[in-house]
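Let me begin by presenting the structure, written as structure tokens, before commenting on it.
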Amino acid sequence: PDQLANEVLAFQYHQLHSDVGGGVMKVLQTLPKLMKERVELFAKIEVIGMVPMFKQLSMMCRVDLANALAVCILEPEHQIIKAGEEGKEMYFQAHGIAEVTSSEGAHWGIIKPGGFFGEMALLTDNKRTA
């Protein structure tokens, strides 16, 4: 939202002119806790809005869903889910890519930023299929 963006820009301007830090990541890391939480919440809401089944949710529902999300940063080659496992969560791909493979290692596809996976086990109460 514009108000939050203006707050972040004003804080960045202050930080840069105080010669406290440089670069976006340094500035984000130094944001006051409440402002950082608001930026993180807004980023989660944006990711949720990329998922077709959530596009029609009201903003209040998106906020509630965003508050329930946990950020997960994984190393390359980390196996996120496995076919046959019980599914208790779904994943939103915000950055990077995730490769979908069979248990034998066959390449089935790539999930890019804005993509999601793991939802079928939640919606159908079945075990993971990929």
Within this structure, what is the SG-NE2 distance for the pair C72 and H78, rounded to the nearest 0.5 Å? 6.5 Å
Output the distance between atom CD (E99) and atom CD1 (I80), rounded to the nearest 0.5 Å. 11.0 Å
Other residues, nucleotides and ligands only: do more than 12 of their heavy atoms fall within 6.0 Å of CE on M53? yes
Counting only heavy atoms not in D125, do more than 12 sit closer than 6.0 Å to its CG atom? no
If I compare all heavy atoms of A121 with all of G87, which pair ends up nearest, and what's the gap? CB-CA, 3.7 Å
So do the side chains of I111 and Y91 get within less than 4.5 Å of each other, counting heavy atoms only? no
Quick check: does any side chain N or O of R128 sit under 3.5 Å from a backbone N or O of G118, one acting as donor and the other as acceptor? yes
Side-chain touch L69/V47, heavy atoms, less than 4.5 angstrom: no
Single-linkage hydrophobic cluster, 4.5 Å side-chain cutoff, V63 and I48 together: no
Verify, without hydrogens or angle tests, whether R62 (side chain) and K55 (backbone) share a donor-acceptor contact under 3.5 angstrom. yes
For the hydrophobic clusters of this structure (ILVMFWY residues joined by side-chain heavy atoms under 4.5 Å, transitively), does one cluster hold both F117 and M50? no
What closest approach, in Å, do G96 and P113 show between heavy atoms, and which atom pair accounts for it? O-CD, 3.0 Å
About how many Å separate CD1 of I81 and NZ of K88, when rounded to the nearest 0.5 Å? 14.0 Å
Check the orientation of F92 and F54. Use parallel for under 30°, tilted for 30 to 60°, and perpendicular for over 60°. tilted
Taking C-beta and beyond as the side chain, do N67 and K44 meet within less than 4.5 Å on heavy atoms? no
Can you name the closest pair of heavy atoms from M35 and L31 and give their distance? SD-CD2, 3.5 Å
Please determine whether residues M90 and L123 belong to a single hydrophobic cluster, defined as Ile, Leu, Val, Met, Phe, Trp and Tyr linked transitively by side-chain heavy-atom distances below 4.5 Å. yes
Taking all atoms of both residues into account, what is the closest heavy-atom pair of I45 and M59, and its distance? CG2-SD, 3.9 Å
Between CG on residue L41 and CZ on residue R38, distance to nearest 0.5 Å: 9.5 Å
Cluster check F116, I97: I/L/V/M/F/W/Y, side chain < 4.5 angstrom: no
